[in-house]
Amino acid sequence: RWAVDGNGDGRIDLNDVHDALPSIANYLRAHGWTRDARFHDRWQAIWEYNHSPNYVQTIFEIAFRLQSPPHKHR
């Protein structure tokens, strides 16, 4: 329903990152995620996919860590 042919090869393969990422974005947008959405609206969009507070929190934690610069190991 929300899957997208992101690489334009005429088929949708959710095991291909070029289709999977646009499909995820399409799902989130369909459930209220916008560029300027409030945190609550973003939380709700992920909640619609998986009704586990731990899952939603984990997704936000991963996103936060991906935006942070890597730590240097000593």
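With hydrophobic clusters built from ILVMFWY side chains whose heavy atoms lie under 4.5 angstrom apart, I62 does not share a cluster with W43. Under the 4.5 Å side-chain heavy-atom criterion for Ile, Leu, Val, Met, Phe, Trp and Tyr, L14 and I59 are members of distinct hydrophobic clusters. By the rule that hydrophobic residues join a cluster once side-chain heavy atoms approach within less than 4.5 Å of another member, L66 and L21 end up as members of separate clusters. Transitive grouping of hydrophobic side chains (ILVMFWY, heavy atoms separated by less than 4.5 Å) brings I24 and W2 into a common cluster.
Contact between G32 and D41 at its shortest, heavy atoms only, is O-CB, 4.3 Å. In terms of heavy atoms, P22 sits closest to G6 at CG-CA, 3.9 Å. The minimum heavy-atom distance linking R11 with D5 is given by the pair O-OD1, 3.1 Å.
Judged by distance alone, with hydrogens and angles left aside, the side-chain atoms of R42 form a donor-acceptor pair with the main-chain N or O of R35 at under 3.5 Å.
A donor-acceptor contact closer than 3.5 angstrom is absent between the side chains of N54 and S52.
Within the structure, every pair that satisfies the side chain to side chain donor-acceptor pair (under 3.5 Å) test and touches residues 17-32, not counting sequence neighbours, is listed here: D16-H18, N26-R29.
For the atom pair W33 CH2 and Q44 CD, the distance stands at 12.5 Å (nearest 0.5 Å).
Within 6.0 Å of the CZ atom in F39, the count of heavy atoms belonging to other residues, nucleotides or ligands exceeds 12. For Y49, the OH atom sits in a loose shell: 12 or fewer heavy atoms of surrounding residues, nucleotides or ligands are nearer than 6.0 Å.
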* To do: Could you give me the CA-CA distance, side-chain angles and deciding distance for F60 and I46, then say whether side-chain contact (heavy atoms from CB on, under 4.5 Å) is met?
  => CA-CA 9 Å; F60 278 103; I46 297 172; 3.7 Å; yes
